[in-house]
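Notes to accompany the following structure.
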Amino acid sequence: MATRARFVHNSRRRRGDEESSSDDEQQQVESSSSDDNEEEEEEEEGPGQVVADEEEEPAAVESPSPAAGRNGRKGPITISLKKVCKVCKKTGHEAGFKGAVYIDCPMKPCFLCKMPGHTTLTCPHRVAMEHGVIPAPRRNTNTSLDYVFQSQVKGKIPMVKPQFLVPNQLECGNIKFHQRRVTCLEFHPTKNNVLLSGDKKGLLGIWDYVKLHEKITYDSVHSCILNSMKVDAANDGVLYTASSDGTISCTDLDTGLGSPLLNLNPDGWNGPNTWRMIYGMDLNTEKSLLLVADSFGFIYLLDRRSKTRVGQPILIHKKGSKVTGLHCNPAQPDILLSSGNDHYARIWDTRKLEPNSSLASLAHGRVVNSGYFSPRSGNKILTTCQDNRIRVWDYIFGNLESPSREIVHSHDFNRHLTPFKAEWDPKDYSESVAVIGRYISENYNGAALHPIDFIDTSSGKLLAEVMDPDITTISPVNKLHPQDDILATGSSRSIFIWKPKTGVDHTEERTSQKVKEYVYGSGSQKKANGKHDNSSDDDSDGGCDGKKKKAKKTRFTHTAKGKEKGKSKV
């Protein structure tokens with residue numbers, strides 16, 4: 001009986017120890033899961049590469065004390081949780097956002113300029129963007145092309161730079177117009193107030209921003225990301241769109257009915273190794289050619305009139321790498337500029353397009369998001385690279401081995417964002433003004449805002465920072481109007497219109513702040529011919545709260561004046 005009593009006592013003691021150990025393990029798991037949730041929230045709101053994180057280190061088990069050893073009981077188990085930097089995996093510091101202030105890892109190079117020795121907070125480029133601009137190389141010899149350029153091309157560019165009006169005041173917005181984040185914007189060439197937009201789900205939106213409530217969306221054009229769009233120069237009612245579903249569509253803007261011009265995946269999904277996506281697209285108006293490039297490095301030529309493919313696909317970038325963009329020279333459309341994931345931008349002559357026949361290869365440090373010729377003369381080149389550099393070539397007939405200038409700018413992102421692309425101002429006769437959104441947020445009166453930057457590419461100076469306290473998300477998609485002083489931006493699922501600030505009348509208090517008008521895209525619309533009702537579907541896109549809201553049955557506009565807000569049904 002005494003032996004049995006001791007066995008029962010020992011088994012109860014072991015069961016008690018196991019229960020206490022399981023309770024400690026449960027607390028450890030709960031602590032770890034809560035830390036993981038915090039990590040996911042921070043990754044959605046800040047840069048995914050340098051986010052503060054709390055990770056568990058191996059539990060430090062205390063050795064039993066002598067008293068505990070005499071009694072035969074184990075000592076208590078203590079767990080130590082330490083701050084661990086997610087970038088370098090070391091303790092003692094953090095990385096990420098602290099409120100509106102950005103802090104990067106001190107053990108790694110500066111996140112902004114990618115140079116060692118300092119952090120983003122002390123980076124000289126954060127204070128003056130033109131600090132590290134590389135000057136244009138001076139050449140001692142002149143060729144015949146230089147004289148042609150001076151007499152014919154440069155003679156058409158006015159020497160006196162016209163006054164530049166910055167559209168720095170938020171005029172109106174279409175809130176949550178799209179189901180997913182905006183991926184591309186385009187102004188209609190003839191309908192001056194119409195803005196075309198595409199999103200991650202393939203939805204096409206048409207919005208008249210003067211008549212706020214006149215908007216419509218088509219969800220039958222593509223099945224996934226709409227990457228590029230071009231309006232037909234001969235028929236302004238026809239829109240060409242390129243998508244990651246591997247198709248080129250010709251869409252009637254009045255009916256929303258589209259006809260496929262090219263389908264690179266006729267057999268459907270057979271795995272990522274065979275699925276082709278289309279990103280780059282442009283029009284050669286002189287020869288009625290539509291040029292498109294896929295995610296495997298090939299380019300395709302399509303005849304717009306016969307709607308058939310011309311020739312065979314041609315490899316223009318490294319095989320298996322994505323071609324991110326195409327742009328035809330406005331002065332000579334046969335000259336083509338392509339950008340790709342193989343860290344190169346290349347210049348081609350489409351009249352003799354063959355593999356390895358590029359006129360020039362412009363080397364970059366990382367993926368090239370975009371490349372554009374200057375909008376009037378076509379003599380300059382502007383590229384955006386993921387290494388936080390905007391590169392400018394002033395003269396396409398000169399030495400292209402190195403750029404004329406490299407401008408440090410924050411647009412290196414990790415995920416959940418449309419790639420940043422610096423674009424020329426089509427109204428600037430001097431061909432020096434470019435616009436691009438900024439990735440790293442700035443502290444403006446305690447609020448973390450991501451401004452839109454206007455940059456003078458001839459000097460690297462920051463001309464203006466466009467922002468509004470109502471827009472706390474990142475604005476990677478920006479488009480300047482070809483005739484008016486208007487800027488359109490795509491931020492998360494919303495699109496906004498900016499105009500220059502008007503004179504302030506000090507006699508009236510109401511004119512001290514501009515009245516901003518918003519129309520909400522969550523209202524129901526008629527479903528016909530593929531039209532969508534704008535149901536809400538949040539996407540983690542630089543500040544989205546991730547909460548789904550019920551679609552409203554009525555459309556309404558919202559007018560905000562200062563802090564007072566009022567709603568009126570339309």
Side-chain angles (χ1 to χ4, degrees), residues 177-178 182-199 201-211 214-264 277-294 299-310 325-330 333-334 336 350 375 426 477 479 481-483 488 490 495 525-532:
F177 182 42
H178 286 274
V182 177
T183 54
C184 58
L185 294 173
E186 195 76 28
F187 284 100
H188 197 279
T190 57
K191 298 178 181 179
N192 209 40
N193 302 322
V194 173
L195 180 65
L196 309 174
S197 57
D199 70 1
K201 206 171 182 179
L203 184 142
L204 171 64
I206 306 172
W207 180 42
D208 188 334
Y209 52 84
V210 172
K211 304 173 183 178
E214 289 194 6
K215 55 181 181 176
I216 198 168
T217 55
Y218 299 109
D219 64 353
S220 60
V221 181
H222 293 286
S223 59
C224 60
I225 308 176
L226 202 160
N227 294 311
S228 181
M229 59 175 68
K230 295 291 180 183
V231 179
D232 194 335
N235 183 3
D236 61 2
V238 174
L239 180 71
Y240 299 103
T241 53
S243 170
S244 292
D245 60 10
T247 63
I248 298 293
S249 178
C250 176
T251 304
D252 189 326
L253 294 178
D254 294 329
T255 63
L257 298 177
S259 58
L261 298 182
L262 179 67
N263 186 4
L264 300 182
M277 298 176 285
I278 300 177
Y279 288 85
M281 181 182 67
D282 203 3
L283 287 169
N284 185 334
T285 56
E286 290 187 356
K287 295 186 176 180
S288 297
L289 283 178
L290 185 65
L291 300 94
V292 297
D294 66 8
I299 187 173
Y300 305 79
L301 304 182
L302 302 174
D303 191 332
R304 291 187 299 145
R305 293 165 295 189
S306 61
K307 298 182 179 180
T308 57
R309 186 190 298 183
V310 179
L326 296 176
H327 188 228
C328 294
N329 193 298
D334 289 327
L336 176 69
T350 56
V477 187
K479 181 70 67 172
H481 198 282
Q483 290 92 26
I495 51 180
Q525 297 181 9
K526 295 181 180 179
K527 289 186 178 181
N529 297 329
K531 300 174 186 178
H532 204 274

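Separation of atoms CG (Asn284) and CG (Asp303) is listed at 11.0 Å; rounding is to 0.5 Å. One distance of note links CG of Leu289 with CG of Leu283; it measures 9.5 Å at 0.5 Å rounding. The CG atom of Leu226 lies 14.0 Å from the OH atom of Tyr218; values are rounded to the nearest 0.5 Å. With rounding to the nearest 0.5 angstrom, the CG atom of Leu262 is 11.0 Å from the CG atom of Leu301. Distance check: Ser249 OG to Ile278 CD1 gives 11.0 Å after rounding to the nearest 0.5 Å. Between atom CG of residue Asp208 and atom NE2 of residue His188 there is a gap of 11.0 Å, rounded to the nearest 0.5 Å.
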Problem set entry | Verdict with supporting geometry, Lys201 and Asp199, salt bridge (charged side-chain N to carboxylate O under 4.0 Å, His left out) | CA-CA 6 Å; Lys201 206 171 182 179; Asp199 70 1; over 6 Å; no
Problem set entry | Full working for side chain to side chain contact (heavy atoms under 4.5 Å, CB included) between His481 and Asn192 | CA-CA 9 Å; His481 198 282; Asn192 209 40; 3.0 Å; yes
Exercise. What's the verdict on side chain to side chain contact (heavy atoms under 4.5 Å, CB included) for Leu195 and Leu185, showing C-alpha distance, side-chain angles and the deciding distance?
Worked result: CA-CA 7 Å; Leu195 180 65; Leu185 294 173; 4.3 Å; yes
Problem set entry | Verdict with supporting geometry, Val238 and Cys250, side chain to side chain contact (heavy atoms under 4.5 Å, CB included) | CA-CA 7 Å; Val238 174; Cys250 176; 3.2 Å; yes
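Taking 4.5 Å as the limit, some side-chain heavy atom of Leu291 sits within range of a side-chain heavy atom of Thr350. The shortest distance between side-chain heavy atoms of Leu261 and Leu290 falls below 4.5 Å. Using a 4.5 Å heavy-atom threshold, the side chains of Ser259 and Lys307 count as touching. Leu196 places a side-chain heavy atom less than 4.5 Å from the side chain of Val231. Taking 4.5 Å as the limit, every side-chain heavy atom of Phe187 sits out of range of all side-chain heavy atoms of Gln483. In this structure, the side chains of Ile206 and Thr217 stay at 4.5 Å or more apart for every pair of heavy atoms. Ser244 has its side chain within reach of Tyr279: a pair of non-hydrogen atoms, C-beta onward, lies under 4.5 Å apart. For the pair Val292/Asp282, no side-chain contact is recorded, criterion being any heavy-atom separation below 4.5 Å from C-beta on.
In this structure, Gly256 and Ser220 approach most closely via the heavy-atom pair O-OG, 3.8 Å. For Cys184 against Ser228, the heavy-atom pair with the smallest separation is SG-N, 4.2 Å. The nearest pair of heavy atoms linking Ala234 to Arg304 is N-NH1, 4.4 Å.
Atom NZ of Lys230 sits in a crowded spot, with more than 12 heavy atoms from other residues, nucleotides or ligands closer than 6.0 Å.
Asp245 meets the salt bridge (charged side-chain N to carboxylate O under 4.0 Å, His left out) test with no other residue; sequence neighbours excluded. Applying the salt bridge (charged side-chain N to carboxylate O under 4.0 Å, His left out) test to Asp334 and every residue at least two apart in sequence or in another chain returns Lys287, Arg351.
Put simply, the side chain of Thr183 gets close to the backbone of Gly198: a donor and an acceptor are under 3.5 Å apart. Checking side-chain atoms of Ser243 against main-chain N and O of Cys224 turns up a donor-acceptor pair under 3.5 Å.
The aromatic rings of Trp207 and Phe177 are tilted relative to each other, their planes meeting at an angle between 30° and 60°.
When Met281, Met229, Glu186 are each tested for a side chain to side chain contact (heavy atoms under 4.5 Å, CB included) with Thr241, only one passes: Met229.
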